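Here's the structure we're looking at; comments come further down.
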Amino acid sequence: MVQISSNLLYIAFILYLIATFFFAGSIKIHSDKAAKKTNRWSLIGILITIIGFVSQVGYFITRWIAGGHAPVSNLFEFTTFFGMMLVAAFIIIYFIYKTPVLGVFTLPVALLVIAYASMFPKEITPLIPALQSDWLHIHVTTAAAGEAILSISFAAGLIYLIKHVDQTRRSQRTFWLELTLFGLIATLGFIAVSSAFSSAGYETKFSWVDKRGSDAETVYHMPALVGPHKYEMKTKGNMAPLAEMPAMVNAEKLNTVIWSLFGGIIIYLIIRLVSRRRVAALLQPLVRRIDLNLVDEIGYRSVLIGFPIFTLGALIFAMIWAQMAWTRFWGWDPKEVWALVTFLFYAVFLHLRLSKGWHGEKSAWLAVIGFVIIMFNLIAVNLVIAGLHSYA
Amino acid sequence: MKEVKCECGHINPVGTVICEACGRVIGDGDGSEKLLDMRYEASPRRSQHYNKTIVDKIWNFFSSVKVGVWLIVITLVASAVGTIFPQEMYIPPTIPADQYYKQEYGTLGQLYYQLGFDNLYSSWWYMILIASIGISLVICSLDRVIPLYKALKNQRTAPREGFLEKQRLFGITEDSADGVDIPSIKQNLASKRYSIKEENGSILAEKNRFSRWGPYVNHIGLIIFLFGALLRFVPGMYVDETLWVREGETKEVPGTDGKLYLKNEKFIRQLYNKSKDDQVFQDALKKNPAVIKNFQTNAVLYEKKGDTLPGEQPELKKVETDKIQVNRPLKYKHFAFYQSDYKLDEMNKMKFRLIDKKTQTSFGGLTIDLYDPKKDYNLGKGYRVELLNYFPDFEFDENSEPVTKSRIPNNPAFVFNMVTPDRPKGEASFVAIRQTIEPEGNNKYKMAFNGIETQNVTGLTVRKDMTLWFLAIGGAIFMIGVVQGAYWNHRRIWIQRKKGQVWIAAHTNKNWYGMKREIHSILTGTALQEPKDQLDEKS
Ligand code: HEM
């Protein structure tokens, strides 16, 4: 069962990848004014996406049956589920607005999210008592669905900015847009580097001295660029660290971050050197024919649809569960606080839009920031700020 | 304060864009703006026409969306900063906070502590922020909802000159020979659930007006929620206590004025078992073998009958028997008991034998209940042990005097006086774990350690929270309001016949694309042309 499940996920991943190319293809042909063909390409694209989605739902159900609980209880499962919701949200929005370009931007984000998820341990974990609650599953799934729909506004915002921001001149806007795109590329860098080293089975053991002065051990899965405080290498023959970190810093995580940035920069530089253009400029032809008002509205609508769902899942259901599991509905745990931050941020988005007329570009930038906040809560809070929520 | 006088003679308050009486467009500008600001139906708000007294100033401050947004943004940023390092309530209780932040996070941590971020969410300035948002919510809603209501209620079916062509969606069709088929348009409108009003051939079709109240409904929900959060500080609304009960023990429940008693029959802690539990967990358990499956207290809840004098044994009536687990609290009346902590194998009883140091002969044993030690233990045949002093959690203080840190028997120590037939005055002895001190230094007898009995202790959280109802109702109203405002849009279509032309204009508060598609489907098959998006022309 577990094997079937992971195969289904793999199939879904491949199908999303193929679908992306079909959506991209539909745009290319469009400029040849072969309208019928356009429809066919994007029709095939959405069909493949749906098959992929069904396959991923199959992964979800089989894993649920195998583990006896909804697979949303560790980082791998939750992040994968988020990717699945992203695809679901895209499919819905696609049928409302029929814009294949959205697929060209949403599906790669979903692919990155799923690939990123698979960097975490994939075992089915037994549930600790606090997690044994139906409310937990209701909370996590609705929250992820809300976040996914909100993320669609990021894809829409990105499309808006790529089309709208003038690439002929270097400006602050081109810089921030490149930085946003680089963020996505750095995720790719992380995935590439860590899967390369993990398939090679790379491992270096260190003993070191932590901030309380006691001995500790740590294992690196990438060559050590920075070593922990007062380290001593236990694995002979591997690369020795170039620098030593103070005890305050988690050197192993920092090392991973450096490698990911490294990978990202290399990929980015290759793209720039080959194309001799900014990445955003490179993507511009894809969005040439898109109606800016339409993407603006897609972005706004996905916030409007996503915001209530997010509130329900990430705040209200979360409070109900917290009341039962931890005896209080709210405890200022970092993950809770960041859900509140996300909620407040999108409330600001809606107010600025409705009452201050922040449409178009401003709204698109806000959508980008919103996505950064969501990702921060999804990933960084678990890895960097350890609270009650940090899974295992 | 300057009123605006319309051509029709009506004097409108400052800020009016459409005359209250006749509906002519007046506006404070020269009327050259191409599109009308339809946000509050272009009607005036209190905040726009009073700005004299202090009250007005405060009113205007809090009713401004700009201020509201700033308040939310500041709260948002402050909340985020509060997660950089753990809040004080999450740091280990063993280290004082002023040392902890410096030791764990260096200078930055110290700064964080000194700036009070360690208790951010209960700090006065965070409270003020939240309160300001609350006030702002009340005032901004009051400021807008009444004018909006009036305007929508009194809107004209046939707005005057200048109104239609200033709408974002607007179009003119020449009324040619075959004619624009108004009846079938009306039918189409009705089938899209528009309600239609007519006046001299002018049509106003409108739907989902209720969605305009969405923001106000959700703001009311938020206000109720915040009010509920405030209620916690009212005495009697909220109880939060911890209750430690050993197995077999019955204890009075704190926070209930001695009304409730709880007995811990058994505390259970189960781990996942690699061989017994599901195969699928194998890999995970190999990595991390000690995963807890269940915490459980088998508890009995008693209620006291009648009143008792202090010291009198209360008469208890069993009211509830339950297995309390994480996520499955025991509930009784307004109280809930949550499984929140435990201690396994806590020392409960300690056993000793009285022996002769030389011959090792034993003169009998005794068992000391560490929570309730006796003063005197009679071993018979003239052998007796007096307990002169007891330190449940013993340590030496700075003067090398024995003291106890707490009442929990983590490290018990005793001062015994061993009375025997040959030593009728007794020999004193200080006994702690793996340590015996004899004040006289030449005792004949000794208290020999003879084992301990341990017990599991369960830690329950006792909770009464009467504010939950407010929060639930507030949350529900908030959700209704958000959905109401987000999933429906207020749409209006005006159609007028004018001198051989048919004019059409449309307005929606959001989701223009959907509006256009709807107009498209309403107008197909009729000779009326679709209105143009005047915003498109501009860009
Ligand atoms: C955390 C606090 C708040 C939340 C969650 C919230 C939520 C909302 C939502 C969801 C909407 C509807 C937006 C839309 O449909 O696009 C809205 C509208 C609005 N909010 Fe708030 N709000 C909050 C605080 C405030 C404050 C402090 C003010 C005061 C200035 C305010 C003033 C308004 C106004 C004027 C509208 C538009 C009403 C209309 O045009 O009919 N809100 N709010």
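Below, chains carry the letters A, B, ... as their sequence lines are ordered, and counting in each starts from 1. Just so it is clear, the structure is predicted and the values come from calculations on it, not from any experiment.
Arg301(A) contributes no side-chain N or O that, together with a main-chain N or O of Asn511(B), makes up a donor-acceptor pair within less than 3.5 Å.
The shortest side-chain heavy-atom distance between Tyr338(B) and Arg328(A) does not fall under the 4.5 Å cut-off. Using a 4.5 Å cut-off on side-chain heavy atoms (C-beta onward), Phe329(A) and Leu468(B) make contact.
Between Arg517(B) and Ile96(A) the shortest heavy-atom distance is NH1-O, 3.1 Å. Nearest heavy atoms, His351(A) versus Val69(B): CB-CG2, 3.8 Å. Shown here for Pro334(A) and Thr83(B), the closest heavy-atom pair between the two residues is CA-CG2, 3.9 Å.
For Phe307(A) and Tyr487(B), the distance between ring centers is not under 6.0 angstrom. If you look at Tyr126(B) and Trp332(A), their ring centroids are closer than 6.0 Å.
Heavy atoms closer than 4.5 Å to chain B are found in both the backbone and the side chain of Ile124(A). When heavy atoms are compared at a cutoff of 4.5 Å, Asn294(B) approaches chain A solely by way of its backbone atoms N, CA, C and O. For chain A, no part of Tyr238(B) is nearby; none of its heavy atoms comes within less than 4.5 Å. For Thr461(B), the part lying near chain A is the side chain, with the backbone staying farther off; criterion is any non-hydrogen pair under 4.5 Å. For Leu120(B), no part lies under 4.5 angstrom from a heavy atom of chain A. The part of Phe478(B) that comes within reach of chain A is its side chain, from C-beta onward, which places non-hydrogen atoms under 4.5 angstrom from that chain.
Results of the side chain to side chain contact (heavy atoms under 4.5 Å, CB included) test with Leu76(B) over Val337(A), Leu340(A), Val341(A) single out Val341(A) as the only residue that passes.
Remark: Arg232(B) pairs with Asp465(B) by the salt bridge (Lys or Arg N to Asp or Glu O under 4.0 Å) rule, at least two apart or across chains.
Taking non-hydrogen atoms and a 4.5 Å limit, the residue list of residues 308-315 of chain A in contact with chain B, ordered by number, reads Pro308(A), Ile309(A), Thr311(A), Leu312(A).
In this structure, OH in Tyr513(B) is found 8.5 Å from CG in Asp291(A), a value given to the nearest 0.5 Å. In this structure, CZ on Phe345(A) lies 12.0 Å from CD1 on Ile72(B), to the nearest 0.5 angstrom. We find the CG-NZ distance between Leu350(A) and Lys510(B) to be 7.0 Å, quoted to the nearest 0.5 Å.
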